[in-house]
Amino acid sequence: MIDLRLLREDPDTVRASQRARGDNEGLVDAVLAADERRRASLAEFERTRAEQKALGKQVASATPETRPHLLAQTKALAEQVKSLEADARAADVELTDLSTRIDNVVEPEAPVGGEDDYTVLREVGAPRDFAAEGFTPKDHVELGERLGAIDLDRGAKVSGARFYFLTGVGARLELALLMCAVDQAVAAGFSPVITPTLVKPEVMRGTGFLGAHSDEIYHLPADDLYLVGTSEVALAGYHSDEVVDLSQGPKRYAGWSACYRREAGSHGKDTRGIIRVHQFHKVEMFSYCRVEEARDEHQRLLAWEEEMLAKVEIPYRVIDVAAGDLGSSAARKFDCEAWVPTQGRYREVTSTSNCTTYQARRLNVREKDPREGVTSNRFVATLNGTLATTRWIVAILENHQQPDGSVLVPKALQPYMGGLDVLTPVR
RNA sequence: GGAGGCGUCGCCUAGUCCGGUCUAUGGCGCCCGCCUGCUAAGCGGGUUUGGGUCUUAAAGCCCAUCGCGGGUUCAAAUCCCGCCGCCUCCGCCA
């Protein structure tokens with residue numbers, strides 16, 4: 001949901017944002033017109049309603065002679081009020097409908113353009129030179145199968161394409177990775193949370209996931225519930241319809257959940273292995289903070305992601321995602337992409353978004369306005385960022401493999417695997 | 001799955017049977033002021049939220065808001081219907 005006040009006072013900023021995203025600029029004027037209509041029809045309704053209330057009060061104390069006349073008058077007014085109220089409501093629906101089509105206003109520094117127009121901010125760590133080491137790296141599927149870590153055949157047998165079993169050291173590796181992420185988050189002051197993975201429509205809508213990409217989301221029609229694609233959804237809904245206290249700093253949560261994605265638009269993409277799957281696990285950072293603090297908080301989330309990537313000792317790069325690829329909620333987004341040796345390219349393993357007040361508006365998350373002399377409430381900013389997911393296993397296996405098919409366990413994860421420092425092939 | 005009870009302004013609470021005097025009572029907490037060596041007490045005032053309007057801004061005025069959504073009525077916290085949540089009991093499953 002866009003800030004209507006901003007739209008009224010500074011429509012050019014919103015137009016520029018629409019342009020950067022490659023979205024319809026004309027929508028801005030359509031919303032302005034609808035806003036005008038809504039306010040006019042609301043004023044008309046409220047004026048008439050006030051008249052009706054005043055007159056209605058007289059009925060109670062009217063004398064038997066004046067009562068019939070008053071009743072006739074007020075009856076007619078009641079009719080009018082009813083129809084004016086319907087008008088006002090229709091105008092409001094129209095405004096909401098139009099204004100929710102405008103995605104969050106992008107930060108001016110975000111690169112303009114679409115998916116391929118990202119900017120590379122930095123590359124960290126050097127990819128291994130397997131040729132120099134004298135062997136050809138195996139991909140995560142082959143490594144995973146030989147280690148007895150990933151069972152794709154049985155995943156397909158039981159649940160279909162893009163499902164898998166993590167077994168033995170694979171299961172332990174995922175648990176280790178996620179526990180390590182939770183511990184890092186807790187050390188940084190986050191509250192760990194295990195969230196529901198089924199949410200109501202209004203929460204899913206509030207986070208901005210039911211827009212253009214709603215076919216990515218699993219829906220259970222019998223119960224009208226949605227399966228979340230990330231715990232961000234549940235954590236954004238966590239404080240919905242609340243006034244939160246941010247006087248002691250941001251409220252930070254580390255959500256642990258299963259994540260479900262239909263991958264409807266990606267037939268044929270990443271069909272091999274566990275890079276793109278229907279179900280995986282993730283530890284997600286989520287922060288509620290004051291609008292003035294959101295940009296700094298975004299940088300902090302990114303830094304925590306990089307801290308976690310350093311722990312698993314994987315080369316990666318950081319990209320500044322272009323405006324057209326932000327999704328509806330984000331004003332700015334940074335992805336960390338890990339080096340995948342057998343693909344010879346970087347693949348997304350984290351993503352952090354500054355959603356400013358966009359989600360908070362839709363989910364009604366506010367704080368007491370801390371500014372001097374202001375007594376009302378105002379919307380907060382929400383941000384999220386990935387701390388670890390199942391997909392990281394791909395990068396860990398491939399980057400730390402040995403010529404014999406064994407895989408070295410990153411130091412930081414060893415304590416979480418009972419001290420195990422190397423995964424050895426079982427076949 | 002079945003039966004019953006409850007849901008009022010941060011918390012507690014009056015009001016609901018029998019519609020208008022509810023502009024929602026009172027207490028606690030909180031805020032401001034007065035008074036007082038200090039503190040406490042006492043006294044006075046304020047204290048739901050959202051929107052509209054006016055204004056540089058504030059104040060003011062108006063509308064909505066008694067779990068949510070409909071309905072009846074000139075008029076709904078109050079009457080009717082549906083839903084949600086919590087509690088108690090019964091049944092079923094683990």
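Note on naming: letters A, B, ... go to the chains in the order of the sequence lines (proteins, then strands), and numbering restarts at 1 for each one.
Residues that satisfy the ring pair (Phe, Tyr, Trp, His ring centres under 6.0 Å) test with Y253(A), not counting sequence neighbours, are Y238(A), H239(A). Legend: residues meeting side-chain hydrogen bond (donor to acceptor under 3.5 Å, both in side chains) with R162(A), ordered by chain and number and at least two apart, are absent. Residues that satisfy the side-chain hydrogen bond (donor to acceptor under 3.5 Å, both in side chains) test with R261(A), not counting sequence neighbours, are absent from this structure. Legend: residues meeting ring pair (Phe, Tyr, Trp, His ring centres under 6.0 Å) with Y218(A), ordered by chain and number and at least two apart, are absent. In this structure S214(A) satisfies the side-chain hydrogen bond (donor to acceptor under 3.5 Å, both in side chains) test with no other residue, sequence neighbours excluded.
The backbone N or O of N384(A) sits less than 3.5 Å from a side-chain atom of T352(A), completing a donor-acceptor pair.
G82(B): Watson-Crick or G-U partner is C68(B), with both key distances under 3.5 Å. Across all strands shown, nothing is found opposite A75(B) as a Watson-Crick or G-U wobble partner with both distances under 3.5 Å. Across all strands shown, C87(B) is found opposite G4(B) as a Watson-Crick or G-U wobble partner, with both distances under 3.5 Å. If you check C38(B) for Watson-Crick or wobble pairing at under 3.5 angstrom, you find it has no partner at all. The partner of U16(B) is absent, by the rule that a Watson-Crick or G-U pair needs both atom distances under 3.5 Å. With a cut-off of 3.5 Å on both pairing distances, the Watson-Crick or G-U wobble partner of G60(B) is U53(B).
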Identify each atom pair where a protein N or O and an N or O of nucleotides 20-24 of chain B are less than 3.5 Å apart, giving names and distance.
residue : atom : partner : partner atom : Å
G20(B)  : N2   : G56(A)  : O            : 3.0

Under 3.5 Å between N/O atoms: give me all the protein pairs with nucleotides 60-66 of chain B, atom names plus distance.
residue : atom : partner : partner atom : Å
A64(B)  : OP1  : R49(A)  : NE           : 2.4
A64(B)  : OP1  : R49(A)  : NH2          : 2.7
A64(B)  : OP2  : K53(A)  : NZ           : 2.6

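For residues 77-85 of chain A, proximity to RNA chain B is found at A78(A), K82(A), defined as any non-hydrogen atom under 4.0 angstrom from a strand atom. Residues from residues 89-99 of chain A that place a heavy atom under 4.0 Å from any atom of RNA chain B, listed by number: R89(A).
If you take NZ of K200(A) and C1' of G69(B), they are 14 Å apart, rounded to a whole angstrom. Taking atom CG of residue L42(A) and atom P of nucleotide G50(B), one finds them 16 Å apart after rounding to whole Å. Between the C1' atom of U49(B) and the CD atom of E242(A) lies a distance of 15 Å, rounded to the nearest Å. Atom CZ of R361(A) and atom C1' of G50(B) are 14 Å apart (whole Å). Atom CG in D369(A) sits about 15 Å away from atom C1' in U49(B), given to the nearest Å. Distance R8(A) CZ to U53(B) C1': 12 Å, rounded to the nearest Å. Between E44(A) atom CD and G52(B) atom P the separation is 17 Å, expressed in whole Å. For the pair R378(A) CZ and G51(B) P, the computed distance is 15 Å after rounding to whole Å.
Enclosure of atom CZ in R122(A) by more than 12 non-hydrogen atoms of other residues, nucleotides or ligands within 6.0 angstrom is indicated.
One finds no side-chain N or O of Q73(A) lying less than 4.0 angstrom from the OP1 or OP2 phosphate oxygen of C74(B). Applying the 4.0 Å criterion to OP1 and OP2 of G50(B), one finds that R366(A) has a side-chain N or O inside that range.
When the P atom is compared between A64(B) and U23(B), the two are found 11 Å apart, to the nearest whole Å. Using atom C1' as the reference point in both U8(B) and G26(B), the two lie 13 Å apart (nearest Å). Comparing the P positions of C90(B) and U78(B) gives a spacing of 34 Å, expressed to the nearest Å. Rounded to whole Å, the P atom of U21(B) lies 15 Å from the corresponding atom of U65(B). Comparing A94(B) with C6(B), their C1' atoms sit 30 Å apart, to the nearest whole Å. Atom P of A77(B) sits at a distance of 7 Å from the matching atom of C66(B), rounded to the whole Å. For the P atoms, the distance linking C80(B) with U72(B) amounts to 15 Å, nearest Å. With C1' as the reference atom, C87(B) and C31(B) are 36 Å apart, rounded to whole Å.
Distance from the side chain of K368(A) is smallest for U49(B) among the nucleotides U49(B), C74(B), G52(B).
R272(A) and E142(A) get closest at one heavy-atom pair: NH2-N, 4.2 Å. The minimum heavy-atom distance linking E348(A) with S351(A) is given by the pair OE2-CB, 3.6 Å.
Ion pairing of R39(A) with D35(A) is present here, as a side-chain N (NZ or NE/NH1/NH2) and a carboxylate O approach within less than 4.0 Å.
No side-chain donor from either of Q18(A) and R15(A) sits under 3.5 Å from a side-chain acceptor of the other. Side-chain polar atoms of E367(A) and Y288(A) form no donor-acceptor pair below 3.5 angstrom. Side-chain contact, T356(A) with N104(A): a donor N or O sits under 3.5 Å from an acceptor N or O.
Screening residues 245-258 of chain A for salt bridge (Lys or Arg N to Asp or Glu O under 4.0 Å), with sequence neighbours left out, gives R252(A)-E297(A).
Residue order along RNA chain B, read from the 5' end via each residue's closest nucleotide, puts A40(A) first among K75(A) and A40(A).
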Contacts under 3.5 angstrom, residues 195-210 of chain A side chains, donor-acceptor by atom type, not counting sequence neighbours:
residue : atom : partner : partner atom : Å
T207(A) : OG1  : V203(A) : O            : 3.3
T207(A) : OG1  : M204(A) : O            : 2.8

Under 3.5 Å, which donor-acceptor pairs link side chains of residues 173-192 of chain A to any protein atom two or more places apart or in another chain?
residue : atom : partner : partner atom : Å
E174(A) : OE1  : T390(A) : OG1          : 2.6
E174(A) : OE2  : H281(A) : ND1          : 2.8
D183(A) : OD2  : Y416(A) : OH           : 2.7
Q184(A) : OE1  : K311(A) : NZ           : 3.1
Q184(A) : NE2  : W304(A) : O            : 3.1

